[in-house]
Amino acid sequence: MSSRYNHKKVERLWQQKWEKEKIFQTATDKNKKKYYVLEMFPYPSGKIHMGHVRNYALGDVVARYKKMCGFNVMHPMGWDAFGLPAENAAIVAKKSPSEWTYQNINLMRSQLKSIGLSIDWTREIATCHPDYYKHEQSFFLDLLKKELAYKKESFVNWDPVDQTVLANEQVIDGKGWRSGAEIEQKKLSQWFLKTSAYSEELLNCLDQLDDWPSKVKIMQSNWIGKSFGVEINFKISNPQNLNSNSLNVFTTRPDTIFGASFCAISTDHPISKDIIRRDEVAKKFVKECSSLSPEKEKKGFKTRLFVEHPFIEKKLLPVFLANFVLMEYGSGAIFGCPAHDQRDLEFAIKYKLEIIPVILPEGKSKDKYKITNEAYVGEGNLINSSFLDGEKIEDAKKIVIKKLVEKKIGNKKINYRLRDWGLSRQRFWGCPIPVMYREDGEIIPVPKRDLPVKLPNVKELSGSGNVLEKIDEWRNVSCPKTGMKAKRETDTFDTFFESSWYYLRYCNPRDLNAFVKEDINYWLPVDQYIGGVEHAILHLLYSRFFVKALRDTGYIELDEPFKGLFTQGMVTHQTFQNHKNEWIGPDEIIYNKESITDNQGNKVKVGKIEKMSKSKKNIVDPSDIIEKYGADTARWFILSDSPPERDLEWTESGVTGSYRFINRVWNLLQLCLSDDYIENNKTDNQLLRGKTNDTIKNVTNNINAFHYNKSIANLYELINFLQKTISNKSSSKNCLKESLKNIALLLQPFTPHLSEEIWKSLGLDGLAINQLWPKAPTIQTKKICKIAIQIDGKTREIIEFDVGISKEEVKIKALNSKKIKKMIDKKLIKKIIFVPEKIINIVLK
RNA sequence: GGCCUCGUGGUGGAAUGGUAGACACAAAGGACUUAAAAUCCUUGCCCAAUUGGGAGUGCCGGUUCGAGUCCGGCCGAGGCUACCA
């Protein structure tokens with residue numbers, strides 16, 4: 001009777017139709033309300049993985065739904081195309097990184113298209129294209145002028161075998177991931193962006209981001225790490241041969257100053273450098289500390305220096321070099337109060353330093369109070385602290401600060417953990433940094449008229465070092481002002497630089513200028529941004545910084561790039577190991593009745609459910625799924641079970657379940673359209689209508705709340721109801737069609753191809769995607785409600801009533817029920833609580 | 001160590017303080033079929049075995065007519081971050 005649903009044919013057809021009719025191409029239209037949907041753009045690593053499918057399916061629901069709600073929707077796509085994997089692959093495959101990248105882009109584009117996404121492909125960008133990166137070279141020059149970009153010395157992970165710099169994640173147990181060589185900390189002069197100049201604004205603006213997960217906001221806020229404290233200048237009592245005669249220390253606990261028993265400075269501190277110049281033992285100690293081995297032990301080196309206690313006359317504190325003091329935070333020096341800081345306590349015990357308790361916890365007696373091996377960090381009152389005795393911590397802080405200021409040896413200070421963004425990468429496949437070094441040592445920015453500084457064409461990459469350093473014809477230039485000899489910067493930008501502004505470029509991807517104000521002002525901010533939590537800090541923080549920096553250099557008028565953010569969970573899969581303990585993939589597994597084996601019949605060990613990864617081989621290729629079951633099935637499954645923010649376990653049975661659903665809907669449609677359908681004489685159209693309207697309401701609410709799994713549950717309910725209605729023939733044909741029409745519309749964001757197919761089969765005009773989102777009529781369609789009769793909060797019976805029934809009527813009926821009567825027996829009724837249309841609770845004495 | 005999130009059937013998961021387990025997956029039984037696939041129906045903790053009754057949302061306690069939901073304490077899992085003074 002029914003021809004089988006041919007997903008391949010159907011999906012191809014509608015994808016072509018959408019493309020031909022340019023359904024998803026958008027332009028600035030000030031008469032229409034805009035909505036900008038964006039998923040984090042992919043790195044063109046080879047082919048699409050399930051994580052991409054989930055990310056883009058989620059975004060596609062938003063995009064299609066908003067379009068149907070009448071918004072002018074922009075939903076673009078591009079490629080985060082610079083990066084290390086291209087270089088590595090190029091070395092292996094003996095290709096150029098560019099060739100490898102563009103090949104991947106072409107494959108992945110066609111894969112994305114097969115998912116049926118509502119993308120405006122005319123806006124596509126690839127960040128490795130000079131027309132893209134020339135603009136960021138220009139931004140950089142402006143940031144340089146504004147002193148938001150600067151150069152300083154900084155450490156990098158250096159692989160001495162591959163002659164290359166490694167990212168932190170490429171250093172495994174202190175060794176290079178490819179060469180296995182012991183990694184060194186090498187100091188290089190590198191470019192930085194002054195993100196720290198925006199610490200306060202980046203922190204404050206988090207409050208405005210109402211549509212961000214609070215988790216991400218907390219992570220960013222912790223990362224920025226604002227703390228209120230004091231800088232204290234300790235006078236060095238014996239500063240012989242030193243460049244300075246005081247030691248500047250940052251603390252958030254000035255109240256514990258009377259408990260101070262030592263000072264410690266970072267091994268990178270200027271005073272430390274002064275010392276090691278003359279002291280071989282100190283030098284040896286510093287060298288030990290800089291080795292990468294992950295030592296948790298606190299180590300110090302006692303210098304001959306002493307500082308004077310600011311409030312206790314003649315009290316001198318020894319100064320240590322210490323491996324646990326960071327140069328990057330505060331002033332790179334601390335005073336240690338062992339009694340109330342665990343780190344200081346461990347250090348004090350090791351080097352036999354004084355431990356003076358100065359905070360007394362409530363209820364403890366001063367005489368018996370002793371600190372042994374656990375520092376006390378809680379509330380309390382000051383003791384052993386001269387003019388602070390008896391004060392509470394917060395009051396003591398105020399008093400100390402006042403005294404320090406009076407004595408001109410200290411000041412309030414706000415500190416941020418956020419550090420400046422190190423931009424330089426000693427890599428080939430990135431955007432060249434547009435500066436040159438003149439032979440007289442001057443750093444010369446490349447004039448804007450000479451942009452872009454293009455990467456040279458290379459046929460293949462060698463295994464070590466940065467190729468740019470070896471290409472003399474590219475590297476050797478002359479100064480545009482003086483004509484003197486100069487050499488180009490061979491470092492390239494961190495690829496986070498490209499991803500910090502791509503969402504702006506989508507507005508005018510082909511314009512000769514970086515931005516067209518009118519379009520930026522119309523489209524930005526991004527209304528809904530969707531991606532993985534792994535970018536919660538770096539990418540999102542850099543992007544926020546970038547927008548502010550571009551605003552302050554006059555490019556745009558925007559404070560925050562992303563109005564709404566949604567972070568989706570990972571796609572996971574069961575892992576398997578064969579009898580040799582090798583990981584094997586799901587496609588090599590055979591499920592038998594009693595056991596699971598590999599395709600040679602050997603028993604398989606079933607492992608944990610983990611994120612899909614090549615190393616564990618627990619990967620399912622989206623292309624295979626789409627080929628076998630269709631894009632709608634893949635989308636439906638990926639959206640159906642788990643809430644989008646949680647991890648999703650990919651299961652074969654779940655996919656076949658979704659496939660069954662698609663076919664079931666199709667079969668119902670055929671049944672309903674067939675001439676065999678004749679309604680019986682007891683039809684009640686109101687029931688199906690009511691259910692349909694409820695579904696419209698629920699699906700809509702759940703889409704708005706990002707609860708797609710619940711929207712899908714609502715649709716299942718309606719389909720189940722429709723199926724019963726059809727088999728009972730209890731509704732008119734027109735009413736069935738009416739319901740199916742709504743189903744087509746409600747399915748559009750989830751299974752767009754099936755949606756169009758239903759729409760067409762019902763003989764309706766146009767495309768489903770071009771219709772308005774359905775609205776449930778406000779009239780009451782439900783007539784009956786079920787009210788639970790409870791005794792002492794326990795449900796004893798459920799009785800049906802008309803909607804709007806009064807407490808009195810329910811009470812009479814409830815008390816007359818045989819069962820309830822029996823349960824009440826001779827007990828007295830204390831009170832009766834009534835919740836309209838839900839519950840009546842009879843409370844007994 | 002710090003911060004955050006989460007503990008509900010065999011599984012994924014539903015439940016504005018108001019009928020716990022919607023919806024789906026898996027399983028078992030059945031119908032159709034020579035058979036299989038596909039499809040459809042039923043079942044789903046314990047005791048009574050038809051009607052009922054009881055336990056029950058990690059553990060202990062509290063607030064409430066009523067707690068998976070709110071409060072306090074404990075246990076467990078996961079994530080992020082980490083010598084940040």
Side-chain angles (χ1 to χ4, degrees), chain A residues 2 4 213-219 221-223 225-227 229-230 249-254 256 263-264 266 295-298 322-326 328-337 340-344 346-347 377 415-419 533-534 536-537 569-570 609 636-637 640-643 645-658 660-661 663-664 667 698 702 707 709-720 723 727 786-799 818-819 822 830-844:
Chain A
S2 62
R4 215 171 146 73
S214 56
K215 180 173 68 172
V216 175
K217 286 194 278 188
I218 289 167
M219 280 162 78
S221 157
N222 289 342
W223 190 259
K226 183 178 187 176
S227 63
V230 187
V249 156
F250 175 75
T251 180
T252 55
R253 292 295 301 275
T256 63
C263 279
S266 161
E295 48 184 343
K296 290 254 154 69
E297 195 193 350
K298 292 181 179 33
N323 66 347
F324 68 95
V325 180
L326 304 172
E328 297 82 11
Y329 187 78
S331 59
I334 60 157
F335 78 74
C337 173
H340 305 292
D341 184 292
Q342 192 59 33
R343 293 161 303 182
D344 297 347
E346 281 168 35
F347 193 81
V377 293
N415 226 314
Y416 299 91
R417 215 186 66 125
L418 182 67
R419 290 178 216 163
V533 229
E534 64 272 21
I537 298 174
M570 299 180 298
I609 294 161
W636 185 256
F637 171 68
S640 65
D641 259 12
S642 298
E645 68 277 11
R646 272 197 233 172
D647 287 353
L648 169 86
E649 194 198 342
W650 186 274
T651 59
E652 184 70 14
S653 57
V655 177
T656 51
S658 298
R660 274 203 300 272
F661 171 79
N663 283 293
R664 212 171 103 207
N667 291 335
N698 293 335
N702 284 324
H707 296 157
N709 57 322
K710 293 191 222 167
S711 297
I712 283 180
N714 302 144
L715 282 161
Y716 266 115
E717 270 189 68
L718 178 58
I719 295 293
N720 291 345
Q723 187 162 350
S727 68
K786 288 176 180 171
I787 294 182
I789 318 298
Q790 299 185 332
I791 293 176
D792 288 335
K794 276 189 184 167
T795 303
R796 297 300 173 181
E797 200 174 2
I798 293 164
I799 303 179
K818 253 189 211 162
K819 199 168 149 189
K822 204 172 134 195
K830 196 168 146 193
K831 61 173 157 178
I832 290 174
I833 284 145
F834 178 67
V835 181
E837 284 163 46
K838 286 226 163 110
I839 266 171
I840 186 158
N841 186 11
I842 301 161
V843 185
L844 302 177

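Throughout, protein chains are lettered first and strands after them, A, B, ... in sequence-line order, and every chain is numbered starting at 1.
B:rC74 and B:rG1 have their P atoms separated by 14 Å, with the value rounded to a whole Å. If you take atom P in B:rG10 and the same atom in B:rC47, they sit 16 Å apart, rounded to whole Å. One P atom belongs to B:rA22, the other to B:rC45, and the distance between them is 14 Å to the nearest Å. When the P atom is used for both B:rA36 and B:rU43, the distance is 24 Å, rounded to whole Å. B:rU19 and B:rU57: their C1' atoms are spaced 16 Å apart (whole Å). A distance of about 14 Å separates the C1' atoms of B:rG68 and B:rG13, rounded to the whole Å. Only the P atoms considered, B:rG2 is 34 Å distant from B:rA67, to the nearest whole Å. As rounded to the nearest Å, B:rU69 and B:rG58 have P atoms that lie 8 Å from one another.
As rounded to whole Å, 13 Å separates atom C1' of B:rG79 from atom CD1 of A:I218. To the nearest angstrom, P of B:rC84 lies 13 Å from CG of A:N323. Between A:D792 atom CG and B:rG66 atom C1' there is a gap of 10 Å when expressed in whole angstrom units. The interatomic distance linking A:D344 (CG) with B:rG1 (P) rounds to 19 Å, in whole Å. Taking atom CD of A:Q723 as the reference point, atom C1' of B:rA38 lies 14 Å away to the nearest angstrom. One interatomic measurement links the two molecules: CD1 of A:I334 to P of B:rC83, which rounds to 14 Å at whole-angstrom precision. One can place NE2 of A:H707 at 8 Å from P of B:rA14, the figure rounded to the nearest angstrom. If you measure from atom NZ of A:K215 to atom P of B:rC4, you get 13 Å, rounded to the nearest angstrom.
Taking only side-chain atoms of A:N222, from C-beta outward, the nucleotide of B:rA85, B:rG13, B:rC3 with the closest atom is B:rC3. Residue A:W223 places its side chain closer to B:rU81 than to any other of B:rA14, B:rC80, B:rU81.
Salt-bridge formation is not detected for the pair A:K819/A:E797: no Lys NZ or Arg NE/NH1/NH2 atom is positioned less than 4.0 Å from an Asp or Glu carboxylate oxygen.
To the nearest 0.5 Å, atoms OG (A:S221) and CD1 (A:I537) are separated by 10.5 Å. Here A:H340 contributes atom NE2 and A:T256 contributes atom OG1; the two are 7.0 Å apart, rounded to the nearest 0.5 Å.
Annotated stems with RNA chain B as a participant read B:1-7 with B:75-81, B:10-12 with B:23-25, B:27-31 with B:39-43, B:45-47 with B:52-54, B:58-62 with B:70-74, given as range with range, by first number; only runs of 3 or more Watson-Crick or G-U pairs under 3.5 Å qualify.
With a glycosidic angle no more than 90° from 0, B:rG9 adopts the syn conformation.
A search for side-chain hydrogen bond (donor to acceptor under 3.5 Å, both in side chains) contacts involving A:E534 returns nothing, not counting sequence neighbours. In this view, A:R343 and A:D341 satisfy the salt bridge (Lys or Arg N to Asp or Glu O under 4.0 Å) rule, not counting sequence neighbours.
Comparing A:V843 and A:E328 by the nucleotide of RNA chain B that holds the closest heavy atom to each, the one mapping nearer the 5' end is A:V843. RNA chain B is contacted by both A:L326 and A:E645; A:E645 maps to the nucleotide lying nearer its 5′ end (nearest heavy atom per residue).
The shortest heavy-atom contact between A:N709 and A:S640 is CB-O, 3.0 Å.
Other residues, nucleotides and ligands place no more than 12 heavy atoms under 6.0 Å from the NZ atom of A:K215.
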Side-chain polar contacts of residues 786-796 of chain A - donor-acceptor pairs under 3.5 angstrom, sequence neighbours left out - could you list them?
unit_1 : atom_1 : unit_2 : atom_2 : d
A:Q790 : NE2    : A:T795 : OG1    : 3.4
A:D792 : OD1    : A:L844 : N      : 3.0

Quick one: do A:Q723 and A:N667 satisfy side chain to side chain contact (heavy atoms under 4.5 Å, CB included)? Show the steps, please. CA-CA 10 Å; A:Q723 187 162 350; A:N667 291 335; over 6 Å; no
Evaluate A:F335 against A:D344 for side chain to side chain contact (heavy atoms under 4.5 Å, CB included), listing each step before the verdict. CA-CA 9 Å; A:F335 78 74; A:D344 297 347; over 6 Å; no
Let's go through A:L715 and A:W636 carefully: what are the C-alpha distance in whole Å and the side-chain angles of both, what is the deciding distance for side chain to side chain contact (heavy atoms under 4.5 Å, CB included) to 0.1 Å, and is it a yes or a no? CA-CA 11 Å; A:L715 282 161; A:W636 185 256; 4.0 Å; yes
The test is side chain to side chain contact (heavy atoms under 4.5 Å, CB included); show your working for A:Y329 and A:I334 and say whether it passes. CA-CA 10 Å; A:Y329 187 78; A:I334 60 157; over 6 Å; no
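When heavy atoms are screened at a 4.0 angstrom cut-off, A:V325 is found touching base atoms of the nucleic acid.
Between A:R646 and B:rG13, a side-chain N or O to OP1/OP2 separation shorter than 4.0 Å is present.
Side-chain atoms of A:N323 do not come within 3.5 Å of backbone N or O of A:K298 as any donor-acceptor pair.
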One character per nucleotide, please: for nucleotides 17-26 of chain B, 5' to 3', B when the base has a protein heavy atom closer than 4.0 Å, S when only the sugar-phosphate does, - otherwise. -BBS-BSSSS
When every nucleotide of nucleotides 43-56 of chain B is labelled 5' to 3' by its protein contacts under 4.0 Å (heavy atoms), B for base, S for sugar-phosphate only, - for none, what sequence of letters results? ----------SSS-
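For A:K298 against B:rC83, a side-chain N or O and a base N or O form a donor-acceptor pair under 3.5 Å.
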